[in-house]
*Asks:* 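The structure under discussion is supplied below as structure tokens; questions concerning it will follow.
Remember, predicted model here, so these are calculated numbers, not experimental data.
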2 protein chains.
Amino acid sequence: MSDQPIAEPYALDTGRAAHSAAYSPLYQQIKAMLLQSLDRGEWKPGEPIPSELELAARFQVSQGTVRKAIDELAADNLLLRRQGKGTFVATHYEAKVRFRFLRLAPDDGRQQATSSRVLECSRIKPPADVAKQLDLRTSDQVFNLRRVLSFNDVPTIFEDIWLPGALFKGLSTELLAEHKIPLYGLFESEFGVSMVRAEEKLRALAAPTEQAQHLSVQTGTPLLQVERVAYTYGDRPVEVRRGWYLTQHFHYRNSLN
Amino acid sequence: MSDQPIAEPYALDTGRAAHSAAYSPLYQQIKAMLLQSLDRGEWKPGEPIPSELELAARFQVSQGTVRKAIDELAADNLLLRRQGKGTFVATHYEAKVRFRFLRLAPDDGRQQATSSRVLECSRIKPPADVAKQLDLRTSDQVFNLRRVLSFNDVPTIFEDIWLPGALFKGLSTELLAEHKIPLYGLFESEFGVSMVRAEEKLRALAAPTEQAQHLSVQTGTPLLQVERVAYTYGDRPVEVRRGWYLTQHFHYRNSLN
DNA sequence: TAGTGGTCTAGACCACTAA
DNA sequence: TAGTGGTCTAGACCACTAC
């Protein structure tokens, strides 16, 4: 085993000449490569990624440059740093992460027992607007999922969810029944799809008949409607979700920074 | 003029001994001092702060340490870095910042002419819940402001606002009429109060009579109610705002990260 | 050309974790 | 004790802005 230099396995653009065609800093290039590794599932949620020194050696840069790349991924909540232990791939099996995506909170602040009842899980062709939001054709297959979330056994959220069929092969009512909350945890461990970011649009509206029935309220009751598009690595949309929230004893919390 | 060393004017805790009582990194201490300067109004919104090298000399640390402090303040949107020009105190007279606090957007994405009509501006004693949220006594004075925001002359938001009297001396309907949008711009330039962060609670509810009248809809129309507490430097609450949004043609946009 | 923030390096040392 | 991330330094050079 000699110490002969190995062939440069990573194509880093070290050329930092002024006015270079498409210059991007080294740490951005490294960030992009780490993102690819995450996307490929090279390191799974909950697992540690290689140490900073190891990555620095692999990419032939200094530790500080790797640090800056990891810093940004940690700021985006894709990675989690733990001093003395390592850097880990974020997972949805953590209260912290869950609350980032479940913004409805009880007015009195008390903990609530959460339960989910799946009403439907079928393979269908998507409505035109959903197909567009998922970057699919209307001829592609999608899963349509409908469920009711209850807090302390009080039905509070009705959700209508669409998922690309190609990514969620094998999704079924049984699988959903076995698996408990959170849904995004199931997605990451069973299908290797990590939800990283989402955009939501909120409106107040009078409950349609169907939604009202699922939530045990009268038709016309004011509901908070939440339309979500969720994205995985690389800003690829992988879920459309329409939710109707009862806000008699709950509120949607948000921070403006 | 001699080059004699000046007395150390800043109390930095350089003692980094293990298990030191209350150890905090140098860059955090510097961040805290920069925050104090911002709070004192040493540098006003829109103005540049001293250069990194100058601050490094002032605090007797390396440029890198100052950079890290500034990095965090810039990430929190308190400062704005502009390469080649300097680092500036964030101001609410910028579209970017405005959209951080006004989350209602038209469904069709088209630009809308925004106008504000002030209905009331009075000095009163605060309701108990408002006093509590502002860390005031119910015997303290507050300003109560009511206004309607219209987009393309369509009334869309009714707001009820409370501000600590001590901080907003001289606030009046006239001042508000002269001054155009945004309100937080007025607060920062006329009263030296910079809104830095806010927490909101959203609910859907049936329009009460008064709100319905202001928004030209029927009593009972579903409205999005938004309760906001806004904070200035050092997490001090300085505004309570209750808004009712018409979401027929608008939605509240939010990003989950 | 001078001054600003932005990137990158190499190395020292600290704080935390686990064996 | 060894290995990890966290802090701090000093210095070089690049990119951008303004004069």
*Asks:* Do the non-hydrogen side-chain atoms of B/P237 and B/D135 ever get within less than 4.5 Å of each other?
*Replies:* yes
*Asks:* Donor-acceptor pair, distance only, cut-off 3.5 Å: does the side chain of A/T232 make one with the backbone of A/S194?
*Replies:* yes
*Asks:* Could you check which of D/dT7, D/dG6, C/dG6 has an atom nearest any side-chain atom of B/R81?
*Replies:* C/dG6
*Asks:* Check every strand shown and say whether B/S62 touches a base, only sugar-phosphate, or nothing at a heavy-atom separation below 4.0 Å.
*Replies:* base
*Asks:* Under 4.0 Å, heavy atoms only, any strand: does A/Q83 hit a base, just the sugar-phosphate, or nothing?
*Replies:* base
*Asks:* Minimum heavy-atom separation for A/S189 and A/Y93, please, with both atom names.
*Replies:* OG-OH, 2.9 Å
*Asks:* Are B/R236 and B/Y231 in a cation-pi contact, defined as NZ or CZ under 6.0 Å from the six-membered ring centre and within 45° of the axis?
*Replies:* no
*Asks:* Closest approach to the side chain of B/L26, judged atom by atom: which nucleotide of D/dT9, C/dG5, D/dT4 is it?
*Replies:* D/dT9
*Asks:* Taking CZ from B/R67 and P from D/dT9, how many angstroms apart are they, rounded to a whole number?
*Replies:* 14 Å
*Asks:* Does C/dT7 have its OP1 or OP2 closer than 4.0 Å to a side-chain nitrogen or oxygen of A/K68?
*Replies:* yes
*Asks:* Roughly how many Å is it from CD in B/Q63 to C1' in D/dC14, rounded to a whole number?
*Replies:* 13 Å
*Asks:* Establish, yes or no, whether a centroid distance under 6.0 Å links the rings of A/F151 and A/F250.
*Replies:* yes
*Asks:* Return one dot-bracket line describing DNA chain D 5' to 3' (Watson-Crick or G-U wobble pairs, both distances under 3.5 Å; ( ) same strand, [ ] crossing, | another strand, . none).
*Replies:* ||||||||||||||||||.
*Asks:* Between D/dT7, C/dT7, C/dA18, spot the one nearest the side chain of A/K85, thanks.
*Replies:* C/dA18
*Asks:* Quick check, are the ring centers of A/H92 and A/F187 under 6.0 angstrom apart?
*Replies:* no
*Asks:* B/Q60 CD to D/dT9 C1': how many Å, rounded?
*Replies:* 14 Å
*Asks:* Using atom CG of A/D71 as one end and atom P of C/dC8 as the other, report the distance to the nearest whole Å.
*Replies:* 13 Å
*Asks:* Give the nucleotide from the list D/dC8, D/dT17, D/dG6 with an atom nearest to the side chain of B/P25.
*Replies:* D/dC8
*Asks:* Could you tell me whether the phosphate oxygens of D/dC14, OP1 or OP2, come under 4.0 Å of any side-chain nitrogen or oxygen in A/Y23?
*Replies:* no
*Asks:* Need to verify one output field. Residue with the more 5' nearest nucleotide on DNA chain C, A/G84 or A/Q28?
*Replies:* A/Q28
*Asks:* Can you tell me if the side-chain N/O atoms of B/S51 get under 4.0 Å from OP1 or OP2 in C/dT4?
*Replies:* yes
*Asks:* Given D/dG6, D/dT4, C/dC8, identify the nucleotide with an atom nearest to the side chain of A/T65.
*Replies:* C/dC8
*Asks:* Side-chain donor-acceptor pair under 3.5 Å between A/Y252 and A/E200, yes or no?
*Replies:* yes
